[in-house]
Protein chains: 2
Amino acid sequence: MQRVTIGDVIREHRRSYPDKTAVVDGDLRLTWPEFDDRVNRLAHALAAQGVANGHRVLWLGQTSARVFELLGACAKLGAMVCPVNWRMSAHEMAFVIDDFTPTVVIWQDEEIGEVVRAAREISDGGAVWWQHDLPGADNVDTVLAAQPATDIWGPVDADLPLLVIYTAAIDGHPNGSMITQHNLVCMGIESSYLNSTTSNSVFLNSGPLFHIGNFQWEAMAAFVQGATNVFVRRADADELLDIVTKEKVTAAFLMPPTIIQMKEKYDPARHDLTSLKAGVYGQLWGEGLVGSEQALWGLFPGGFGQTEVTGLAIFNGHGGHGTGNSGRPGPFSRVRILDDDWNELGVGEVGEIAIGGEIVHAGYWNRPETNARRMRDGWWRTTDLGRREADGTIEFVGTSTRMIKSAAENIFPKEVEVCLEAHPAVREAALIGTPDERFVQSVLAVVVLEPGATVTEDELITHCKQRIASYKKPKSVVFVDEIPRNGEDKDYSALDERFGGGGYPGGDVIRV
Amino acid sequence: MQRVTIGDVIREHRRSYPDKTAVVDGDLRLTWPEFDDRVNRLAHALAAQGVANGHRVLWLGQTSARVFELLGACAKLGAMVCPVNWRMSAHEMAFVIDDFTPTVVIWQDEEIGEVVRAAREISDGGAVWWQHDLPGADNVDTVLAAQPATDIWGPVDADLPLLVIYTAAIDGHPNGSMITQHNLVCMGIESSYLNSTTSNSVFLNSGPLFHIGNFQWEAMAAFVQGATNVFVRRADADELLDIVTKEKVTAAFLMPPTIIQMKEKYDPARHDLTSLKAGVYGQLWGEGLVGSEQALWGLFPGGFGQTEVTGLAIFNGHGGHGTGNSGRPGPFSRVRILDDDWNELGVGEVGEIAIGGEIVHAGYWNRPETNARRMRDGWWRTTDLGRREADGTIEFVGTSTRMIKSAAENIFPKEVEVCLEAHPAVREAALIGTPDERFVQSVLAVVVLEPGATVTEDELITHCKQRIASYKKPKSVVFVDEIPRNGEDKDYSALDERFGGGGYPGGDVIRV
């Protein structure tokens, strides 16, 4: 059995779609054969640095067609590529560099060059560093120009990891989820089905590439169907309006705050968004602004998933209750509700959601103990809680680890609390989320000071901003005498009640 | 990586769709849990006869839900099931029994009992025989009643063959194409995408189960999506009209002759076909009779494929020229045009179509030499001829082996010629197809008699009917002095020209 790899997908499209545009990124516009040529040059360049099966390449940049070239090149070599969260602090970035031990790092100067340089300084080093937006001998385009465009043809196992995404630091440090080539092909096909993606689709990669979401809606679908992927460095409303108009974009990864900005800046004399399917959050557009074409699943309001299962594994589109948190697995995924001993629970009982099937990742990079604990016979324990309903649907009832949501970002209290508690004036901190119309939730820190210590709200926020990604910092801080307790544990429910916490993605009540 | 098996699909649906109807067959109506229970009983019954990984089970019957129960049971055991062409003669059937060496045979008395009994008589024996429509201890329902409904849970490789379909006797005897569990899952998902099949679909299995076509439109799609499969023993226009009306069927496997009969018998007072999507051959229905709902690919007029690649591998829906013989591969399939030495040919050159990817079968049962010759590194040589066009599409230009088409059936001249030449009065025979409005082609035998011998057209037709499947017999016979030659070979083109041959599925001109 010859499995289709991501390299095979590109090899096939260069033959099947010789005239079709594969990627657009600013002035860069490549047909599938031209894209494959660049992928091949990059593969040769990486191979010359020793990159081979199982090796790692790091992308320290924003959203870019370069990431898809890296996906293609690493796929053909059997290597992995990790697009790092460019909003990370230098210390966070250095942690990933040292954890992932890449052979090659490709980085971006614009907007994040300073942080990247600081991260490089802190980290252990050993990698070859190429940049992609400055002149010089270390510019990746200079490196590529010296390489042949011939295909690197060799046997590559489709079950090798390809895309690595560092997920949130639930237990204090982030973990790199290793998503295989087969995972991505299967997810792309399921996404094509749900989104009615065809080779005529034009997807705008306006979401971050360090999250699985943008890949699922609908970058991988467009990729496997031989369609066009357009890239913008980051979500800027003016630029998005221009690109949708110019490229006749059919789908884009847009979160509510961006849609609201785009509506505010929309000018009928200059913009035409009617090529756009309504898609996720489509109701926010209102009447007439975007196209009326519907995907198979209409507005496709979500389901349950996580990076470790290549995005959604349970789809509201397969029959949920419209809550956005319920649904059924697609044909590539399987679901069980388990107790702590891996026994399946009965209908109506709340337990841990475990996912099996062709979309389960290959585990976390460099975390053998965690993998051994959470993976068994191909089943992955999500740490999230769910219940099988009488009609067979799965209802996601919450995270067993408490999580706050800011737009598309997940924030795990523990990490921010550790950061706050590292400040000399802070004895203890507890993080809650308060409902926010625009960003889902807003981060509130409840802080107990050391006896006699003083610190301002602003000082603590700045302290966090310097150490962790900016979106994780508290938006406000309240000072209290003590954190209420539930036995040993911080009593978050009491804090929610006292300070207006709520709007948690798993429902307001975390049922553990 | 845990691949999804056909057993897993059923295990999942019993949880996700506990109230949904899985199969309907006459009075039999089973929800997914009830269907899984029967599958489990059957698996236990087969296991008790020693059926295990790699073993074989034969179905000698017409279209029936029983075949899907056998698919499920054999899937859970890692065994294979072959639904035999019930239109075969006793000698042909005996050949398959002896070639396939099944551990268990399940047979049907109605309509074909006499042929089956004769085949059993002729064949070598050794199998356990159960029948499914007569009373008695050997009735399969009697056997099942004694078995538990508990799941047979064991590791089964999704790359094991499950469905075996004997393809036409190109080289004198039929070959059993071994289609794996993974092949079927992938084909079902691609079919769901093209046909917009959802869990609310109701597919009518009105085609033969010894062909891949009925599985592709859309039995496997309905199966993997948790939808309903309805079965009718054979295509009878009156019965089909009643069932579509009663079950609100959304799609059915209907060939042109059946659609024409259904239109003739359609009675607006009794029949309502508006649940039916137009589907393949949808234009034959005319206005208003069936529903206006369109699948993603509209009427989806075809492409290129064969049993050995689990049906279509090149889809007109992925961008063909509307000829029904061109298109592009879907994401699960790969295509190369090869010369005899496995080198890829250039654009515009005619060569043998080779298919790779997740839909390539595991080879023919018991034909190691043929498999070695036609399969390499997961690529399968189809023996069919095609050309890569400048726009990247593949155009199927014909079979390298001459083939005649009668409705959905493929007839290979060699086999019928051998049968005719076995008659003592016949020195030589050549078979051609003449265009037929209703059945695509009609079979004409051109015969040279032995000196002094006499035989009538009717006698020769009866001779064939007794030895090979009835649909393969010549519809008419013409007697000539000699068959024209092209070197050593029979000159079929000259015969086509002289006797009005044409309408071959690969185009009138076979370009070898």
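Below, chain A is the first sequence line, B the second, and so on; all start at residue 1.
- Heavy atoms closer than 4.5 Å to chain A are found in the side chain of B:Trp379, but not in its backbone.
- In this structure, the side chain of A:Gln225 does not engage the main chain of B:Pro331 through any donor-acceptor pair within 3.5 Å.
- Looking at A:Arg388, only its side chain comes within 4.5 Å of chain B, counting heavy atoms on both sides.
- Note on A:His361, A:Arg11, A:Arg336: by heavy-atom pairs under 4.5 Å with chain B, the leading option is A:Arg336.
- The candidate from A:Ile189, A:Asp19, A:Val347, A:Asp377 with the greatest count of non-hydrogen atom pairs under 4.5 Å with chain B is A:Ile189.
- Of the listed residues (A:Asn200, A:Asp8, A:Thr5), the greatest number of heavy-atom pairs within a distance under 4.5 Å of chain B belongs to A:Asp8.
- Only the backbone of A:Ala390 comes within contact range of chain B, with at least one heavy atom under 4.5 Å from a heavy atom of that chain.
- The distance from atom CD1 of A:Ile394 to atom CZ of B:Arg15, rounded to the nearest 0.5 Å, is 9.5 Å.
- Interatomic distance, B:Gln2 CD to A:Trp380 CH2, rounded to the nearest 0.5 Å: 14.0 Å.
- A:Glu12 approaches B:Ser333 most closely through the heavy-atom pair CG-O, 4.2 Å.
- With a 4.5 angstrom heavy-atom cutoff, B:Val335 touches chain A via backbone and side-chain atoms both.
- Looking at B:Val224, both its backbone and its side chain come within 4.5 Å of chain A, counting heavy atoms on both sides.
- The distance from the CZ atom of B:Arg328 to the NE2 atom of A:His13 is 10.5 Å, given to the nearest 0.5 Å.
- Looking at B:Glu358, its side chain does come within 3.5 Å of a backbone N or O of A:Val4 through a donor-acceptor pair.
- Of the listed residues (B:Pro18, B:Cys186, B:Ala362, B:Gly226), the one with the most heavy-atom contacts under 4.5 Å to chain A is B:Pro18.
- Between atom OG of residue B:Ser191 and atom OH of residue A:Tyr193 there is a gap of 10.0 Å, rounded to the nearest 0.5 Å.
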